[in-house]
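Start at 1 with the first residue, then count along the sequence. Just follow the structure's listing: the first ligand is 1, and inside any ligand the first atom is 1.
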Amino acid sequence: MSSSTAAPDQIIIRKCISLDELKACVDLQKKVWNFDDVDIVPLRLFVVSQKIGGQVIGAFSGDQLVGFSFSIPGSRNGHSYLHSHMLAVREDFRNYGLGRKLKLAQRDDAIAKGFELLEWTFDPLEIKNAYLNLVKLGAITRRYSVNHYGLSSSPLQGGLPTDRLVAEWWLKSNRVVNLLEKNQPPQFTIEKKIHVPAEIYAWKASDTNRGKAAEVQKRNREEFIAAFRAGLAVLSYERDSQGNGTFLLGRDQFQSYASAGAEQGNHED
Ligand SMILES: CC(C)(COP(=O)(O)OP(=O)(O)OC[C@H]1O[C@@H](n2cnc3c(N)ncnc32)[C@H](O)[C@@H]1OP(=O)(O)O)[C@@H](O)C(=O)NCCC(=O)NCCS
């Protein structure tokens, strides 16, 4: 972190307001994902989101934007919800809790607007993101989307299909309230585990080893889809001291906005 910027505990989390603040989100997006121009979410969509009940929330170090979360409103079977499309923290401010704080600010704002559900997709090979979503926030997942965006220009994707899990964050559910307010993680019987090796990041980044990452993606894709079809959901996550990640699956009763029978398996509505 540069000496001219605030310490992480002095970062202010608040809604982005001016056009310049929204432009700063677009610039940070470019730095974080390194997308080609064709894959960039443009300024105009940030403006639209702000005006139609979405969310653009920033983490500010003084007047510098060092992180943001971005959502758009969605609707399924007559229920309104928020879809969070991006969460980004500048590299030198990571692992200080800002990602979590940006999600908590989304939650507060969503509840104030009357929403019960915030969803987003995440790459099941990203161990850190899975840990943040499932363990620190209490999201669950029971839907898998194969090659969700088609091939991506972001180096973070390593040229692999853009497979995604859909995180559902039931904002006022007992599991989320107990976790966030009482620090009580959910209790459940683990019926299945799905593993991601710590080497996945190095494999994705290497031309010679990318095939190994592709094998893990393919194997895990099949396991997730079969497990979701069998009625299991991802309810938590473990990381070990070597940095390996493990999805923990079990059963629970969850609210759903999907039509009957549409929630499980390999499909996105
Ligand atoms: C995902 C991202 C927003 C998280 O922001 P952040 O401010 O670093 O997140 P936080 O500090 O709130 O939480 C991260 C947690 O993951 C943990 N973590 C860090 N590296 C990890 C790893 N390799 N494996 C597992 N967990 C890891 C941190 O220790 C922290 O948990 P802790 O508070 O219990 O220690 C940030 O890494 C980022 O911008 N990534 C690139 C873009 C991206 O992938 N966005 C999300 C998908 S849209």
Side-chain angles (χ1 to χ4, degrees), residues 1 5-13 24-35 39-41 45-46 49 54-61 65-72 82-107 118-139 141 145 148-149 152-158 160 162-167 169 179-180 183 185 195-205 213 236-248:
M1 198 181 315
T5 50
D9 59 352
Q10 292 172 327
I11 304 288
I12 305 288
I13 309 283
C25 292
V26 178
D27 290 343
L28 185 55
Q29 172 197 183
K30 287 182 185 161
K31 286 198 190 91
V32 167
W33 278 276
N34 214 354
F35 285 133
D39 283 335
I40 292 284
V41 174
L45 194 56
F46 283 85
S49 155
Q55 303 173 312
V56 189
I57 297 174
F60 290 90
S61 164
L65 183 97
V66 299
F68 73 89
S69 54
F70 167 63
S71 313
I72 47 179
L82 282 167
H83 176 84
S84 175
H85 185 55
M86 284 185 162
L87 171 71
V89 172
R90 209 172 81 183
E91 205 163 356
D92 52 341
F93 280 85
R94 289 189 190 156
N95 297 326
Y96 292 112
L98 292 182
R100 181 170 179 273
K101 282 187 184 164
L102 283 162
K103 296 302 291 185
L104 294 181
Q106 279 187 319
R107 176 173 180 262
L118 190 85
E119 286 191 355
W120 60 95
T121 60
F122 67 101
D123 183 344
L125 300 180
E126 289 286 327
I127 295 170
K128 176 181 176 183
N129 295 3
Y131 177 77
L132 173 63
N133 296 335
L134 300 161
V135 176
K136 309 279 298 183
L137 299 174
T141 169
S145 179
H148 191 70
Y149 298 110
S152 158
S153 57
S154 172
L156 293 183
Q157 193 62 37
L160 297 183
T162 49
D163 284 21
R164 294 290 182 266
L165 283 167
V166 183
W169 204 21
L179 177 69
L180 299 183
N183 204 15
H195 301 284
V196 182
E199 295 82 10
I200 198 78
Y201 296 105
W203 291 345
K204 277 206 288 186
S236 193
Y237 199 75
E238 260 171 13
R239 51 175 188 171
D240 66 19
S241 53
Q242 280 85 49
N244 302 299
T246 304
F247 291 91
L248 306 177

Okay, side chain of Asp39, backbone of Ser153: is any donor-acceptor separation there less than 3.5 Å?
yes
Give the atom numbers and elements of ligand 1 that come within less than 4.0 Å of a heavy atom of Ala88.
39 (O)
Near Leu98, which atoms of ligand 1 are under 4.0 Å from a heavy atom of that residue?
7 (O), 12 (O)
Heavy atom under 4.0 Å from ligand 1: found in Asn129's side chain, backbone, both, or neither?
side chain
Given Phe93, Trp33, Phe68, Tyr131, which one has a non-hydrogen atom that is nearest to atom 31 (O) of ligand 1?
Tyr131
Test your reading of the structure: does Arg239 have an N or O sitting under 3.5 Å from an N or O of ligand 1?
yes
May I ask you to list the atoms of ligand 1 that are less than 4.0 angstrom from any heavy atom of Arg100?
12 (O)
Ser236 side chain to Leu248 backbone, donor-acceptor under 3.5 Å
no
To the nearest 0.5 Å, atom CG of Leu132 lies from atom CG of Leu137 at 4.5 Å
Would you say Gly99 has any N or O atom under 3.5 Å from an N or O of ligand 1, going by distance alone?
yes
Just going by heavy-atom distances, which of Ile127, Val89, Thr121 is nearest to atom 24 (N) of ligand 1?
Ile127
With a 4.0 Å cut-off on heavy atoms, is Trp120 in contact with ligand 1?
no
Check each of Gln106, His83, Glu119 against Ser71 using the side chain to side chain donor-acceptor pair (under 3.5 Å) test, and report the only one that passes.
Gln106
Nearest non-hydrogen atom to atom 13 (O) of ligand 1 belongs to which of Ile11, Leu132, Asn244, Val66?
Leu132
Decide whether the shortest distance between a heavy atom of Tyr96 and an atom of ligand 1 is less than 4.0 Å.
yes
Flag, side chain of Thr141 to backbone of Leu165, donor-acceptor distance under 3.5 Å:
no
Of the side chain and backbone of Val32, name the one, both, or neither that has a heavy atom under 4.0 Å from an atom of ligand 1.
side chain
Which ligand 1 atoms, with their elements, are less than 4.0 angstrom from a heavy-atom of Lys136?
32 (P), 33 (O), 34 (O)
Protein residue, atom and distance nearest to atom 45 (N) of ligand 1, heavy-atom basis:
Leu87 O, 2.8 Å
Which bit of Asn95 gets closer than 4.0 Å to ligand 1, counting heavy atoms only: side chain, backbone, both or neither?
both
Rounded to the nearest 0.5 Å, how far apart are CZ of Phe46 and NE2 of His85?
8.0 Å
Please check this pair: side chain of Asn244 against backbone of Asp240, looking for a donor-acceptor N/O pair closer than 3.5 Å.
no
Answer yes or no: are there more than 12 heavy-atom neighbours, outside Asn183 itself, under 6.0 Å from its atom CG?
no
Find the distance between CG (Leu104) and CG (Leu98) and round it off to the nearest 0.5 Å.
11.5 Å
Top protein contact for atom 37 (O) of ligand 1, by heavy-atom distance:
Lys128 NZ, 2.9 Å
Could you tell me if Lys103 and Asn133 have a donor-acceptor pair between their side chains, going purely by distance under 3.5 Å?
no
Distance-only, no hydrogens or angles: does the Arg90 side chain make a donor-acceptor pair with backbone N or O of Leu28 under 3.5 Å?
no
So is Gly97 close enough to ligand 1, meaning a heavy atom under 4.0 angstrom away?
yes
How close does the nearest protein non-hydrogen atom get to atom 40 (N) of ligand 1, and which residue and atom is it?
Arg94 CZ, 3.8 Å
